[in-house]
Amino acid sequence: MRAFQRVVVLGSTGSIGESTLDVIARHPDRLAVYALSAYSRMERLAEQAQACRAAVVVVPDEAARKKFTAAWAGGQPMPEIRVGAQALADTAADPHCDSVMAAIVGAAGLPAALAAARSGKRVLLANKEALVAAGSLFMQAIRDNGAELLPIDSEHNAIFQCLPHGGRAQAPDAPAPGVRRLLLTASGGPFRGRDLEDLHDVTPAQACAHPNWSMGRKISVDSATMLNKGLEVIEAHWLFAMPADRIEVVVHPQSVVHSMVEYDDGSVLAQLGQPDMRTPIAYGLGFPERLESGVGPLDLTRLGRLDFEKPDLARFPCLALSFAALRAGQSACVALNAANEIAVDAFLGGRLAYTWIPRVIEASLEWQARQASVTLSSLDDVLALDAEARIFAGNLGLA
Ligand code: NAD
Ligand code: MG
């Protein structure tokens with residue numbers, strides 16, 4: 001581990017952001033916060049910045065700056081306040097920081113995550129949508145700039161832990177030798193045993209009530225539809241340079257085995273632990289050393305059993321749509337992610353029935369397949385297609 005790391009936490013007021021600050025606060029001798037960012041909840045951002053003595057905060061606009069200033073309790077000097085999306089990307093590349101936790105939700109986090117990669121930081125990547133939308137660009141930026149990439153999504157963190165890496169967190173351009181398959185575990189979410197037809201009237205509160213994990217609202221809905229697992233298949237493809245047909249999803253309701261790697265000799269290595277994101281976060285911050293994270297021991301005898309089953313693609317069409325997008329290519333992945341963000345936002349806002357989420361995604365993938373093929377060779381190319389796909393999904397009558 002580097003002697004002392006100064007960390008930027010992008011999306012600090014979210015679920016991953018809060019867990020990251022909890023781990024950092026346990027290690028004042030090795031870790032310090034340089035900057036925090038949030039999009040809303042300025043009062044919480046001010047409390048966090050006071051508690052961890054952040055030098056910088058990044059807020060979205062002037063109204064947020066005013067709220068932050070009003071919420072500042074005094075006592076300590078106020079941090080420098082930077083405003084807007086460009087300031088967010090500049091802060092992720094700030095020479096005063098070593099590591100960047102990318103924990104903004106959605107493709108909105110892509111420019112800042114990419115800026116961190118381009119400036120050669122240690123990137124702790126929770127923001128899976130960034131990889132889904134721009135996997136090839138992002139991985140190339142990590143490779144070209146000597147950045148380190150630590151997957152924070154629990155499944156990918158588990159796989160990373162089970163792969164040979166020689167204590168170096170680099171971006172591979174081919175599957176690790178000797179690996180047959182990656183086995184991604186999925187809890188199945190709150191509606192695992194339910195039929196799709198029964199779910200028409202599901203409310204946002206029901207969809208967000210995950211049986212094992214406490215998370216932000218968007219990823220909670222994604223877990224209910226299993227689109228989250230689909231995004232994670234695409235994420236695994238990029239992180240580990242693994243073809244789609246060597247990535248398998250296994251439903252595991254207890255969320256204790258976080259994922260597995262199967263080798264050519266038949267060995268299967270798994271990483272287990274309590275469902276608490278502080279474990280992968282501490283792993284990313286401490287790598288290659290292990291840090292105390294606040295997560296207690298795993299009592300397997302109390303758990304008694306671990307179950308595994310095949311995912312039901314008929315009841316979870318979002319999973320099949322994600323595999324289809326991965327096989328179709330990068331533009332389809334951009335459309336899949338953008339359509340899902342629009343559909344989930346509409347569902348959470350009471351404007352779309354739960355069962356329409358896969359329909360919006362499917363229609364958007366069909367729309368994308370009808371478009372002339374475009375090359376996504378820059379961030380602007382990706383953002384332009386993302387914006388177009390959002391307009392298409394929004395015009396389906398839901399935005
Ligand atoms: P969350 O909704 O709890 O927090 C999101 C954070 O991003 C907040 O700080 C919010 O202010 C900020 N934000 C939202 N929109 C923004 C925008 N347009 N511009 C800038 N900032 C914005 O989300 P979360 O559950 O912490 O998830 C964050 C990311 O981590 C997601 O990509 C999610 O898929 C991934 N992830 C989360 C978990 C988990 O357990 N929560 C697990 C694995 C991966
Ligand atoms: Mg996950």
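We count ligands from 1, going down the list as the structure has it; atoms in each ligand are counted the same way. None of these values were measured; they are calculated from a predicted model.
Counting heavy atoms only, Asp153 comes closest to atom 44 (C) of ligand 1 of the residues Ile152, Val132, Asp153, Ile281. The residue among Glu129, Glu18, Met277 with a heavy atom at the shortest distance from atom 32 (O) of ligand 1 is Glu129. Evaluated by nearest non-hydrogen atom to atom 23 (O) of ligand 1, the leading choice among Pro280, Gly216, Ser40 is Gly216. Nearest-residue assignment for atom 34 (O) of ligand 1 (options Glu232, Met42, Lys128; heavy-atom criterion): Lys128. Looking at Ala108, Ala85, Gly14 and measuring to atom 18 (N) of ligand 1, the nearest heavy atom belongs to Ala108.
Ion pair Arg82/Asp90 not flagged as a salt bridge, since none of the NZ, NE, NH1 or NH2 atoms sits closer than 4.0 Å to an Asp/Glu carboxylate oxygen. Salt bridge Lys128/Glu155: absent, no basic N to carboxylate O contact under 4.0 Å. A salt bridge is defined here as a Lys NZ or Arg NE, NH1 or NH2 lying under 4.0 Å from an Asp or Glu carboxylate O, and Arg359 with Glu362 fails to meet this definition. Note on Asp245 versus Arg327: no salt bridge recorded, every NZ/NE/NH1/NH2 to OD/OE distance being 4.0 Å or above.
Checked by distance only, ligand 1 and Ser15 come closer than 3.5 Å through their nitrogen or oxygen atoms. Between Gly106 and ligand 1, no pair of N/O atoms sits closer than 3.5 Å. Any N or O atom pair closer than 3.5 Å counts here, and Tyr39 shares at least one such pair with ligand 1. Between Ile16 and ligand 1, an N or O atom pair is found at a separation short of 3.5 Å.
In Met215, the parts holding a heavy atom less than 4.0 Å from any atom of ligand 1 are both the side chain and the backbone. The parts of Ile104 lying near ligand 1 are both backbone and side chain, judged by heavy-atom distances below 4.0 Å. Looking at Ser12 against ligand 1, only its backbone comes within 4.0 Å, counting heavy atoms.
Exactly one of Lys121, Arg6, Gln5 qualifies for a side chain to side chain donor-acceptor pair (under 3.5 Å) with Ser99. That residue is Gln5.
Here the CG atom belonging to Leu352 is positioned 8.0 Å from the OG1 atom belonging to Thr355, to the nearest 0.5 angstrom.
Numbered from 1 in the order shown, with element, the atoms of ligand 1 that lie under 4.0 Å from a heavy atom of Ala126 read 30 (O), 32 (O), 35 (C), 36 (N), 44 (C).
Looking only at N/O/S atoms, Asp153 comes nearest to the Mg ion (ligand 2) through OD1.
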Does Gln48 form a side chain to side chain donor-acceptor pair (under 3.5 Å) with Glu18? I'd like the steps, not just the answer. CA-CA 9 Å; Gln48 291 181 332; Glu18 292 278 7; 3.2 Å; yes

Ser293 and Arg26: CA distance, side-chain angles, deciding distance, side chain to side chain contact (heavy atoms under 4.5 Å, CB included) verdict: CA-CA 8 Å; Ser293 67; Arg26 292 166 189 276; 5.7 Å; no

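With the Mg ion (ligand 2) as the vertex, atom OE1 of Glu155 and atom OE2 of Glu232 span an angle of 100° (nearest 10 degrees).
Between Phe240 and His156, the ring-plane angle classifies as parallel under the 30° and 60° cut-offs.
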